[in-house]
Structure formats: C-alpha cells, structure tokens
Amino acid sequence: MSENGNSPVGAGGSSPSAGPAVPTLPLAPRNDGPQPGGSSFHEMWRELRPIGRHPDSGGYRRYAWTGADLECRDWFEEQARARGLAYEVDRNGNQWAWLGDPAAGDAVVTGSHLDSVPDGGAFDGPLGVVSSFAALDELRARGTDLARPLAVVNFGDEEGARFGLACVGSRLTAGALTTEQAHRLTDADGTSLPRAMEAAGYDPEALGADPERLARIGAFVELHVEQGRALDLTGDPVGIASAIWPHGRWRFDFRGEANHAGTTRLADRHDPMLPYAETVLAARREAGHTGAVATFGKIAVEPNGVNAIPSLVRGWLDSRAEDQTALDTVVGGIEKAARAHADAHGVGLDVVRESFTPVVEFDHGLRDELARILGKDTGITVPVLGTGAGHDAGILSGRIPTAMLFVRNPTGVSHSPAEFAAEDDCVAGVLALADVLEGLARR
Ligand SMILES: [Zn+2]
C-alpha cells in the first residue's frame, strides 16, 4: 500500500503504561480525540510496514520468535496499551488486548497473525490485526455502547515458516497440538520451539490446551486479505468466508528401470518420467473438470543423472476442492490416469496419502449474522466464498463459532511481495469489521 492521504495523529502519544484492568466503552477520548478507524489504520500500517522487510526481495521474513517477530509483538503491545486495553500473553504465546472484562464471557474476538512465510507479502495476517485495532477505534469514534467484552488477538506462528507446522498458537490453544508434539518441533538450525520461546523471553513451560480461554469466547471473526481473485471477479471489496476447502497431499512413486540414456532403445525402456509427465497433465485436466485445484509442485528423481533413464520418479500432488466429493473425484481421476499410463510404460506405481484436512465449515449462524449486519444499511448482498488456504479461524472453528471476512486482492497473489490490497479496500474492510463487531456486541 502506498503511504499518502490521511496523516492521523499517532496512537502512542498519551499511552498509559498500564491500562485499567477492565476498560469499557466508550473509552475516555485521548488528548487528540478518538480517531475513526479509517485514519488510524494508515498510521498503524506505516509503523508496521518496515519491520522484517528484506531490502533485496521486498518480502517479509517475520518468522516465529525471531527478532522481526518480536518487533511485531512489541508493536502489538504498544497498540494495546495506547488504547488503554488490558494486555496479556496466554500460555501459548498468543497476544491479547481486551476491552471489557474477559471473565464476563461470551466475548467477541477479532484478530489474525503477524508472522510471515519466507519473503511473504505485507497483508497476509497483519491486515487482520491492524484492521482489528482500527475497528475498535472506529467503534470508539462512534461511541458504541458494548454489552459484550471485545478482544484483539495475535496468534503466534501461524505460517509455520520456522518449525514446519502452521497455526501452532491456535492449534495448541484448541488442543489440536499436544504439549509433547509442540516440544518436539525444531527449526532448520536444530533449535526447538521451547528454546526459541525462551530465547525470546517467553516461558514455554505452560504450552498446552486452553479450554478455559476458549470457553469465554462467544465468537471469533478473522479479517484476512483474500488469497485468490473471487472478489476481484465479483467487483466487491469485502466478502464472507463459507468454508475452507478440504485439502491433502499425495505422493506418487513411479518405479521404472535405470538404464543408459544413449544405448537403450526406446522400445526397451521402462521410463517412469513418461507416466509422471502424463499424470501432471491429467491432474490439470481433472482439476479443470471439477472446479478443483491440483498441483504437482515437488519432484524427486533417482538417480537424477542427465544421461540416465530414471529408476524412480516421485511426485507430490497437492489438491483442494470445494467439497469432499469433488476432491475424491479429482484425486481418484488423477490416480486412475496415473495407473493407466504407468501400465502402458511397464512402470510400477504406489500412491500414498501423506496428509489430509477435511472441509472446515464456518459457523452458519454466525456467517448469516455477518451477512445480515453488512447488508442491513446498504441492501448489498456481500459475497460468500470458500477458500483453499488454512487459517487460525479454521483451527478454532471446531471449538467456537468462527467467521472470516476477506478483503479484495486484485491480483490474487499471496505469500509473495506482490500481495496487495488497495487502500480504499483496506478501509472498507475496517468499516465492515467495525460494523460486525458493533452488530455482535452492541448493548
Ligand atoms: Zn494468514
């Protein structure tokens, strides 16, 4: 996002060093008066923008518990304290900023994550956290009287760039990752997650499920940049998530016969590269028929010699589809094609499913409530769309009512420095989130 236009007053000026334990809305205005969410968004975006940005690639390297991540976390704490919100870090290192008494229960929580993939974009994660604080500012500017506690959360290690597992903070909280499993997570340098947390000044001893915390939450709404072009195609700045598509990874082992690339007659070969190549094309075809996606993005070849017919070609398929039936159809079709081509070339084939995540349906009642709130004044029907990407909201959806808002990404590019959302659309996202929080939590 370019930095122009609004020049809001900084949020940090009159920060109390520690906020009241149970602040309520409307908060006493700061000296500079309450900032509407659209203008405070720009200020926060500008502050966060340089942190962890690599000068060569222009991409972000905010890996869990590294210096860049800690700078982002400091920024989060500053934002919380500047607003007089009650700041806390939970047992799994997730950061919370509370407005109202958490113990009152039925809280409305919003937020996302601040970490990134290697050379990630600026928006995936931070857009949700910044928009959450801006939405609170917007509610304060409106003078909204709240009946339910509100919180902003920054879930730790969402991308899994360092320890290889995504959504560690929310998985631990939800009990979807055990303490023992978390303790075994290790980065490429051999540093374990507990040691990394310790080095960052956090206590890893308490890592584990946090049912009491989840029991206090009545709704979680995550705003996120769209990682696709559905909203660009419908012409809408904001959409509501329906579900996270079921997805999985399959390993295809084509076993042939290594031989000399110069002396072996074509008719005598058992070359596994040929059925593999046919299978890649079949995957594209099958996905096209079913509206799914299917990608062979990783391959290993043995012996991997330029003058040798391979003995083994191992390809990894990633496939995702709108529902289980479509996913079964596309993967079944690819496997059938792979077997036929393997047979035709006298090559063996083993297919192994290495991982699978079933469909995550977001809470229908909450989703419909969001649609009603966002359509109330405008009469506009906000598009409801599925996504092929995983999120903390997906992890939590099995435990508490969750929903997601997506902000238009005109190119659809994500996990890349080219990831983008226009300023106007970011502000539309802030205002939509503010409407949702107000609609859910207003007295
Ligand atoms: Zn994300």
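The shown structure was predicted, so the numbers you read here are calculated from the model rather than taken from an experiment.
Counting non-hydrogen atoms of other residues, nucleotides and ligands closer than 6.0 Å to CD of Gln181 gives a total above 12. Atom CZ of Arg284 sits in a sparse spot, with 12 or fewer heavy atoms from other residues, nucleotides or ligands closer than 6.0 Å.
Annotation: side chain of Thr264 is in contact with side chain of Ile309 (closest heavy-atom distance under 4.5 Å). Asp90 places a side-chain heavy atom less than 4.5 Å from the side chain of Asp210. Looking at His224 and Asp124, their side chains come closer than 4.5 Å, going by heavy atoms from C-beta outward. Side chains of Leu136 and Leu85 form a contact here, defined as non-hydrogen atoms less than 4.5 Å apart. Looking at heavy atoms from C-beta onward, Leu127 lies in side-chain contact with Val407 at the 4.5 angstrom threshold.
In this structure a side-chain-to-backbone donor-acceptor pair under 3.5 Å is present from Asn154 to Leu114. Between the side chain of Glu286 and the backbone N or O of Ala283 there is no donor-acceptor pair closer than 3.5 Å. In this structure, Ser132 contributes its side chain and Gly111 its backbone to a donor-acceptor pair below 3.5 Å. Thr179 places a side-chain N or O within 3.5 Å of a backbone atom of Leu207 that can act as its donor or acceptor partner. Asp189 contributes no side-chain N or O that, together with a main-chain N or O of Thr191, makes up a donor-acceptor pair within less than 3.5 Å. In this structure a side-chain-to-backbone donor-acceptor pair under 3.5 Å is present from Glu419 to His415. Not one N or O on the side chain of Thr295 forms a donor-acceptor pair closer than 3.5 Å with the backbone of Gly297. In terms of modelled atom types and a separation under 3.5 Å, the side chain of Glu222 and the main chain of Ser112 share no donor-acceptor contact. The main-chain N or O of Gly169 is never found under 3.5 Å from a side-chain atom of Asp157 such that the two would form a donor-acceptor pair. Ser192 places no side-chain N or O within donor-acceptor distance of the main-chain N or O of His183, the cut-off being under 3.5 Å.
Listed by chain and residue number, Arg255 satisfy the salt bridge (charged side-chain N to carboxylate O under 4.0 Å, His left out) test with Asp350 (two or more places apart in sequence, or in another chain). Qualifying side-chain contact (heavy atoms from CB on, under 4.5 Å) partners for Arg53, counting only residues two or more places apart in sequence or in other chains: Arg49, Tyr60.
None of Val238, Asp236, Leu231, Leu223 except one satisfies the side-chain contact (heavy atoms from CB on, under 4.5 Å) rule with Phe406; the exception is Leu231.
Ring to ring, Phe123 and Trp45 are close: their centroids are under 6.0 angstrom apart. Between Phe362 and Phe220, the ring centre distance reaches or exceeds 6.0 Å.
The pair Arg251-Glu354 meets the salt-bridge criterion, since a charged nitrogen lies less than 4.0 angstrom from a carboxylate oxygen. A salt bridge between Glu88 and Arg213 is present, with a side-chain N of the basic residue lying under 4.0 Å from a carboxylate O of the acidic one. Between Arg408 and Asp425 there is a salt bridge, since a side-chain N of the basic residue sits under 4.0 Å from a carboxylate O of the acidic one. At a threshold of 4.0 Å, the pair Glu180-Arg184 does not count as salt-bridged, since none of the basic side-chain nitrogens sits closer than that to a carboxylate oxygen. Using a cutoff of 4.0 Å between basic side-chain nitrogens and carboxylate oxygens, Arg62 and Asp115 are not scored as salt-bridged.
Within the structure, ring-ring contact (aromatic ring centres under 6.0 Å, His included) pairs that include any residue of residues 229-260 comprise Phe252-Phe296 (at least two apart or interchain).
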Trace of the side chain to side chain donor-acceptor pair (under 3.5 Å) decision for His113 with Glu158:
CA-CA 6 Å; His113 62 95; Glu158 194 273 347; 3.3 Å; yes
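Note that the CZ atom of Phe356 and the CG atom of Leu327 stand 5.5 Å from one another [nearest 0.5 Å].
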